[in-house]
Amino acid sequence: MSLAALILYGADKRKAVRGVWRIPEKVLLGISLLGGAVGGILGMTLFRHKTRHAAFWAANLFGLFWQLAVVLILFLYQFGWIG
């Protein structure tokens with residue numbers, strides 16, 4: 001998902017520069033929330049795209065935190081520390 005987010009952010013930036021049809025913001029936000037937060041953050045910083053939009057920072061950071069929480073819970077469960 002992160003690789004897909006990175007590619008979509010790059011593609012949208014390229015489309016913005018060319019002035020052609022863009023990828024909808026809800027697609028970019030959705031992919032960041034649904035597992036692609038790392039790629040979304042990398043895409044924002046590498047391509048300097050959507051960095052001034054608070055909604056994109058919020059979605060990516062929220063996505064990152066919940067994705068890290070899921071990884072932590074799975075890790076703790078794997079070693080029998082919870083569940």
Side-chain angles (χ1 to χ4, degrees):
M1 287 297 280
S2 286
L3 180 60
L6 179 64
I7 291 168
L8 285 176
Y9 274 82
D12 192 52
K13 175 63 176 199
R14 187 171 182 177
K15 289 172 182 264
V17 169
R18 291 181 170 185
V20 297
W21 178 85
R22 306 275 303 276
I23 297 169
E25 288 187 349
K26 63 183 173 183
V27 171
L28 296 173
L29 291 169
I31 198 164
S32 293
L33 285 172
L34 296 174
V38 172
I41 292 169
L42 283 173
M44 287 176 64
T45 55
L46 286 174
F47 303 118
R48 296 184 197 155
H49 190 50
K50 302 289 187 185
T51 57
R52 294 184 182 179
H53 298 272
F56 281 87
W57 283 112
N60 280 293
L61 291 175
F62 178 76
L64 181 65
F65 288 130
W66 86 257
Q67 290 161 38
L68 287 174
V70 168
V71 169
L72 179 62
I73 289 168
L74 291 173
F75 178 80
L76 295 174
Y77 183 78
Q78 175 71 26
F79 290 101
W81 295 337
I82 62 170

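All residue numbers refer to positions in the sequence shown, counting from 1.
V38 and F65 fall within a single hydrophobic cluster, where Ile, Leu, Val, Met, Phe, Trp and Tyr are joined by side-chain heavy atoms under 4.5 Å apart, directly or via other members. In the hydrophobic clustering of this structure, L46 groups with L64; members are Ile, Leu, Val, Met, Phe, Trp, Tyr whose side-chain heavy atoms approach within less than 4.5 Å, directly or through other members. Both M44 and V27 are members of a single hydrophobic cluster when ILVMFWY side chains are connected at heavy-atom separations under 4.5 Å. Connection of L28 to L34 is established within a shared hydrophobic cluster, with ILVMFWY side chains joined at heavy-atom distances below 4.5 Å, either directly or through further cluster members. In terms of hydrophobic clustering, with Ile, Leu, Val, Met, Phe, Trp and Tyr side chains grouped at heavy-atom distances under 4.5 Å, L76 and L74 are assigned to different clusters.
The heavy-atom pair separating S32 from G40 by the smallest distance is OG-CA, 4.0 Å. Of all non-hydrogen atoms in I31 and A4, the two that sit nearest each other are CD1-CB, 3.6 Å. Counting all heavy atoms, side chain and backbone alike, S2 lies closest to A37 at OG-N, 4.2 Å. Taking all atoms of both residues into account, the shortest heavy-atom contact from L33 to A59 is CD2-O, 3.4 Å. The two residues A55 and L29 come nearest to each other via the heavy atoms O-CD2, 3.7 Å. Residues H49 and Y9 come closest through the heavy atom pair CD2-O, 3.6 Å.
Looking only at distances, a side-chain donor or acceptor of N60 sits under 3.5 Å from a matching main-chain atom of F56.
Residues satisfying the ring pair (Phe, Tyr, Trp, His ring centres under 6.0 Å) criterion with F47, sequence neighbours excluded, are absent altogether.
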(request) Walk me through it: do I41 and L61 pass the test side-chain contact (heavy atoms from CB on, under 4.5 Å)? (result) CA-CA 8 Å; I41 292 169; L61 291 175; 4.1 Å; yes
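Heavy atoms from other residues, nucleotides or ligands lying under 6.0 Å from CZ of R22 number more than 12.
Taking CE of M1 as the start and CG of L8 as the end, the distance is 9.0 Å to the nearest 0.5 Å. One finds the OH atom of Y77 at 15.0 Å from the CG atom of L72 (value rounded to the nearest 0.5 Å).
Between K50 and E25 the shortest side-chain heavy-atom distance falls below 4.5 Å.
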